[in-house]
Amino acid sequence: MSGAEGFEGAEGFEGAEGFEGAEGPDGAEGPDGAEGPDGAEGPDGADRTAGAEGTIGAEGTSSAEGTTGAEGTTGAEGTSSAEGTGSGVGGAGRPPRVPPPRVSVEDGGRPLPDLGPLPLVLEHRVLKSLLGAWALAACSPEETAAVEEHLGDCGPCAEEALRLRDAVGLLHPAESLDLDPALRTRVLEGCLDRRPPRIPVPEWAAAYDAETARLDALLQDIGDAEWHAPVRLRWFDGQRPASRRTTVAGVIAHLLTVDGLVAVALGLDDPLAGTPAGNGTPTARTEAYWKAAHFPPTRSVRGPWREQSHSLVRTVSFAGGGSGKLPVPYGGFELSLRDSMLDRAFECWVHADDIADAVDYPYDPPAPRHLHTMIDLAARVLPVSLAERRRAGLAAPPRRTRHLVPAGAPGRSLRLEIEGLGGGEWLIPLDSPAATGSAAHEVAHVALDGVEFCRLAAGHVSPEEAAAGQDGDREAIRDVLLAAASLSRM
């Protein structure tokens with residue numbers, strides 16, 4: 001820079017010169033013989049003491065300050081506001097010329113910025129008149145805030161607002177985002193009405209086809225970690241509730257092994273091939289599968305289970321309706337193929353509901369027509385279950401009769417009334433499995449909800465909790481409800 005150099009060649013601050021030894025370019029002297037530092041003379045022989053610094057053009061005239069730490073760069077400063085500190089008049093005790101830091105709005109006494117409009121202050125009568133609009137969510141944000149603040153202080157208005165909000169809920173019922181469980185059935189029926197299948201699925205296998213598809217949709221919608229969520233399988237062992245702890249993948253493995261009984265009866269591959277399964281009961285087969293696995297079941301079990309369910313539906317469809325009488329052994333008992341497919345549909349739904357509870361997934365009961373067939377199967381098997389309990393000494397012997405009723409003859413009966421969708425009425429013979437139900441010999445009446453009856457037959461509720469309405473012979477009612485619970489198994 002012309003005059004005192006601001007940086008290049010500048011040395012320290014000592015001597016309070018622009019910088020010690022700072023000279024103008026090429027030793028340029030100030031006007032009137034003014035020299036740079038150390039004895040530089042301004043006009044009229046004015047001495048420039050230490051601290052006098054060259055300025056632009058080395059002003060040796062009145063602009064050059066000789067004593068008070070004249071600076072060297074533009075504006076007669078050495079560097080940016082650099083001052084002489086080591087010597088010179090007023091150099092040491094003088095306050096710094098560096099500007100102080102900027103202060104915040106709060107510390108400077110300046111007004112705070114406007115944060116928005118102040119809340120509305122309304123009279124009680126005005127706020128009360130706004131309750132209807134508030135219930136309909138038709139108030140402005142300011143009015144809504146004022147009403148809700150008022151509701152916290154005014155009891156009568158709060159009660160009125162609650163009544164209005166409930167009334168709005170009746171006018172505008174909340175719509176569920178979940179798909180209607182009957183949607184799949186309606187879509188398939190619409191498609192089949194337009195183009196009937198060349199090989200239809202038998203009616204008694206339709207429930208199994210639908211329930212396996214619903215469970216598979218649930219399994220596709222859960223994450224990997226949820227396959228290891230704990231699930232407790234529950235049933236009634238004839239005398240008391242029983243349970244077994246497993247995982248979501250373990251439940252699917254259980255369905256795979258028990259469905260394998262139907263697969264073997266149809267000549268398909270057994271998922272337990274080469275694995276000893278004890279007495280061949282559903283429980284023994286499941287335990288054998290779990291023990292044979294080197295690791296706990298994972299989501300990989302879904303593929304074999306789904307492929308097996310498809311194979312069962314295809315096979316019974318090609319076999320035709322006459323195959324429904326084919327026996328399917330379950331170890332200690334056997335069912336016809338027709339009833340076995342209904343039994344597998346029922347268990348698929350029950351365990352799908354167990355899985356849904358474990359992973360907090362919404363799951364609805366089966367379609368009413370499928371639910372009705374499942375209830376009908378349980379009602380038809382109830383007399384056999386009741387007779388087995390009598391033989392085991394777990395049920396009271398028939399009263400008012402000295403011997404069992406002959407096969408096909410009417411005997412004492414219990415009217416089982418199932419309410420709700422899929423419901424109906426069944427007369428359950430009490431004295432012999434081979435007897436026929438008779439309204440003329442009715443001694444008791446039990447009313448149950450359809451889903452609640454299925455939960456009872458699955459061993460998920462106790463007989464005492466299940467009966468919604470009872471009338472007549474209390475002992476007969478108790479025996480039938482216990483027989484229904486005894487239909488369950490793992």
Side-chain angles (χ1 to χ4, degrees), residues 176-184 207-237 240-260 271 282-309 343-367 370-371 374 378 449-462 465-466 485 487-490:
S176 174
L177 298 179
D178 299 325
L179 294 178
D180 182 357
L183 178 61
R184 178 180 184 273
Y208 177 79
D209 186 27
E211 292 309 309
T212 52
R214 289 209 306 147
L215 175 55
D216 188 53
L218 185 159
L219 298 177
Q220 292 185 60
D221 208 23
I222 64 176
D224 291 342
E226 291 175 309
W227 278 85
H228 303 285
V231 179
R232 185 168 293 279
L233 302 179
R234 294 172 292 165
W235 68 95
F236 187 78
D237 66 358
R240 63 186 63 86
S243 65
R244 179 72 155 79
R245 185 181 176 89
T246 183
T247 63
V248 171
V251 174
I252 302 304
H254 168 60
L255 293 176
L256 172 70
T257 56
V258 183
D259 286 356
T283 300
R285 288 176 60 87
T286 301
E287 295 288 354
Y289 185 91
W290 286 344
K291 291 178 181 178
H294 297 290
F295 301 99
T298 64
R299 70 176 306 154
S300 61
V301 74
R302 171 178 166 261
W305 167 77
R306 191 62 178 127
E307 179 57 34
Q308 179 178 256
S309 65
D343 171 75
R344 303 313 307 139
F346 175 78
E347 188 167 358
C348 183
W349 163 47
V350 169
H351 289 322
D353 194 62
D354 292 336
I355 293 173
D357 287 341
V359 300
D360 195 20
Y361 192 95
Y363 207 77
D364 292 315
H370 294 158
L371 186 61
M374 298 176 192
D449 174 74
V451 174
E452 195 70 6
F453 175 75
C454 290
R455 288 171 55 82
L456 172 65
H460 283 202
V461 296
S462 66
E465 298 173 350
L487 295 174
S488 63
R489 59 180 182 271
M490 187 177 78

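Residue numbers run from 1 in the order of the sequence given.
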Closest non-hydrogen atom pair, [X] against [Y]:
X	Y	value
Ala352	Leu218	O-CD1, 4.1 Å
Ala213	Arg306	CA-NH2, 3.6 Å
Val301	Pro304	O-CD, 3.3 Å
Pro271	Gly260	CD-CA, 3.8 Å
Val359	Ile222	CG2-CG2, 4.2 Å
Trp305	Cys348	CZ2-SG, 4.4 Å

Are Arg344 and Leu255 close enough, and set up right, to give a side chain to side chain contact (heavy atoms under 4.5 Å, CB included), and what steps lead you there? CA-CA 8 Å; Arg344 303 313 307 139; Leu255 293 176; 3.9 Å; yes
Spacing of [atom1] belonging to [X] relative to [atom2] belonging to [Y], to within rounding of 0.5 Å:
X	Y	atom1	atom2	answer
Leu456	Glu465	CG	CD	10.0 Å
Leu215	Ser309	CG	OG	9.0 Å
Met490	His351	CE	NE2	8.0 Å
Tyr363	Asp354	OH	CG	11.0 Å

Walk me through it: do Ile252 and Ile355 pass the test side chain to side chain contact (heavy atoms under 4.5 Å, CB included)? CA-CA 9 Å; Ile252 302 304; Ile355 293 173; 3.9 Å; yes
Test your reading of the model: is there a side-chain donor-acceptor pair from [X] to the backbone of [Y], 3.5 Å cut-off?
X	Y	result
Gln308	Leu256	yes
Arg285	Thr257	yes
Arg214	Asp364	yes

For side chain to side chain contact (heavy atoms under 4.5 Å, CB included), just list the numbers for His228 and Thr298, CA-CA rounded to whole Å, side-chain angles, deciding distance to a tenth of an Å, and then say yes or no. CA-CA 7 Å; His228 303 285; Thr298 64; 4.0 Å; yes
Please step through salt bridge (charged side-chain N to carboxylate O under 4.0 Å, His left out) for the pair Arg232 and Asp357, ending with a clear verdict. CA-CA 10 Å; Arg232 185 168 293 279; Asp357 287 341; over 6 Å; no
Paired with His254, the side chain to side chain donor-acceptor pair (under 3.5 Å) test is passed by just one of Glu287, Glu347, Arg244, namely Glu347
Can you tell me if Asp221 has over 12 outside heavy atoms packed within less than 6.0 Å of its CG? yes
Could you walk me through whether Trp349 and His370 pass side chain to side chain contact (heavy atoms under 4.5 Å, CB included), step by step? CA-CA 11 Å; Trp349 163 47; His370 294 158; over 6 Å; no
